[in-house]
Asks: 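Here it is: the structure, laid out below.
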Amino acid sequence: MKLLWDVKENRQHRHCKMANRDKELEEEIYDKVVDLTEYAKRQRWWNGLFGKNSGPVAEKYSVATQLAIGGVSGWCAGYLFSKVGKLAATSVGGGLLLLQIANNSGYIQVDWKRVEKDVNKAKKQLKKGTDQARPELNTFVEKSRAFVKKNIVVTSGFAGGFLLGMVS
């Protein structure tokens, strides 16, 4: 009986030692985990790629929180974009189909020479207008680039969430 008691006691002692070792290992791993934002700010490649002023505007939020916020908002935007896009494509395609049916039935007569003339006129106006719109487009691109640099974590989450929202 005493031998059985000693075996049980020995098992419990080994179990406690293993639990303590696991807990110590967990604490050691937790202590070694580096905060991603601080690590990234110290890296030369980060500063070279995104600039010294980069980093999240809302530094009080953790990286995980920023990724979650970006991911959820991106998923919502992607989901809405896909649904609205499908609705718009269906509406435009259906309208063109109805116009073609009406044209073939004789309800509508299309002057195709006039359509071609108007399309060519619109092409010429677009070619002239592209030179004038470039400074505004460049300003928008620069502002967008600066926003992405300052909010790289949220933007990454948004991009991933947007793609997931498009496919769901």
Side-chain angles (χ1 to χ4, degrees), residues 12 14-101 115 118-119 121-168:
Q12 288 176 348
R14 276 189 285 154
H15 180 70
C16 287
K17 275 186 173 180
M18 286 177 46
N20 286 341
R21 232 182 302 146
D22 288 346
K23 189 174 182 180
E24 287 173 5
L25 184 62
E26 253 182 61
E27 288 176 4
E28 185 179 329
I29 291 172
Y30 182 77
D31 290 339
K32 288 184 178 182
V33 172
V34 179
D35 185 12
L36 183 61
T37 55
E38 293 303 317
Y39 174 76
K41 284 181 183 178
R42 291 190 303 258
Q43 300 304 310
R44 287 184 179 171
W45 65 268
W46 182 273
N47 290 333
L49 187 61
F50 299 112
K52 295 206 182 259
N53 294 332
S54 67
V57 172
E59 296 224 1
K60 61 184 176 180
Y61 297 112
S62 69
V63 173
T65 304
Q66 292 179 42
L67 279 173
I69 290 171
V72 169
S73 60
W75 182 85
C76 291
Y79 184 78
L80 288 174
F81 188 80
S82 70
K83 296 302 177 189
V84 170
K86 287 177 186 176
L87 179 67
T90 303
S91 299
V92 170
L96 290 174
L97 180 67
L98 288 176
L99 284 175
Q100 189 63 32
I101 290 172
V115 169
D118 289 343
V119 167
K121 187 178 175 182
K123 282 183 187 178
K124 288 178 184 176
Q125 287 180 348
L126 284 174
K127 285 182 181 179
K128 289 180 184 177
T130 55
D131 294 336
Q132 297 169 356
R134 283 191 178 150
E136 295 166 358
L137 183 63
N138 288 338
T139 304
F140 177 74
V141 169
E142 289 302 320
K143 285 181 180 179
S144 300
R145 187 176 292 151
F147 177 81
V148 169
K149 283 182 179 181
K150 286 186 179 178
N151 300 295
I152 189 70
V153 177
V154 175
T155 306
S156 301
F158 183 86
F162 186 82
L163 293 175
L164 287 174
M166 287 289 289
V167 296
S168 60

Asks: Report the distance from atom SG of Cys76 to atom CZ of Phe158, rounding to the nearest 0.5 Å.
Replies: 9.5 Å

Asks: Working to the nearest 0.5 Å, report the span between CG of Leu87 and OG of Ser82.
Replies: 11.5 Å

Asks: Could you give the distance from OH (Tyr79) to CG (Leu164), rounded to the nearest 0.5 Å?
Replies: 14.0 Å

Asks: Identify, with sequence neighbours excluded, every residue that meets side chain to side chain donor-acceptor pair (under 3.5 Å) alongside Ser168.
Replies: Trp75

Asks: How about Lys123 and Val119: do any of their side-chain heavy atoms sit closer than 4.5 Å?
Replies: yes

Asks: From Ile152 CD1 over to Gln66 CD, what is the distance, rounded to the nearest 0.5 angstrom?
Replies: 11.0 Å

Asks: Report the distance from atom CG of Leu80 to atom NZ of Lys83, rounding to the nearest 0.5 Å.
Replies: 10.0 Å

Asks: How long is the span from the CG atom in Leu67 to the OG1 atom in Thr155, to the nearest 0.5 Å?
Replies: 10.5 Å

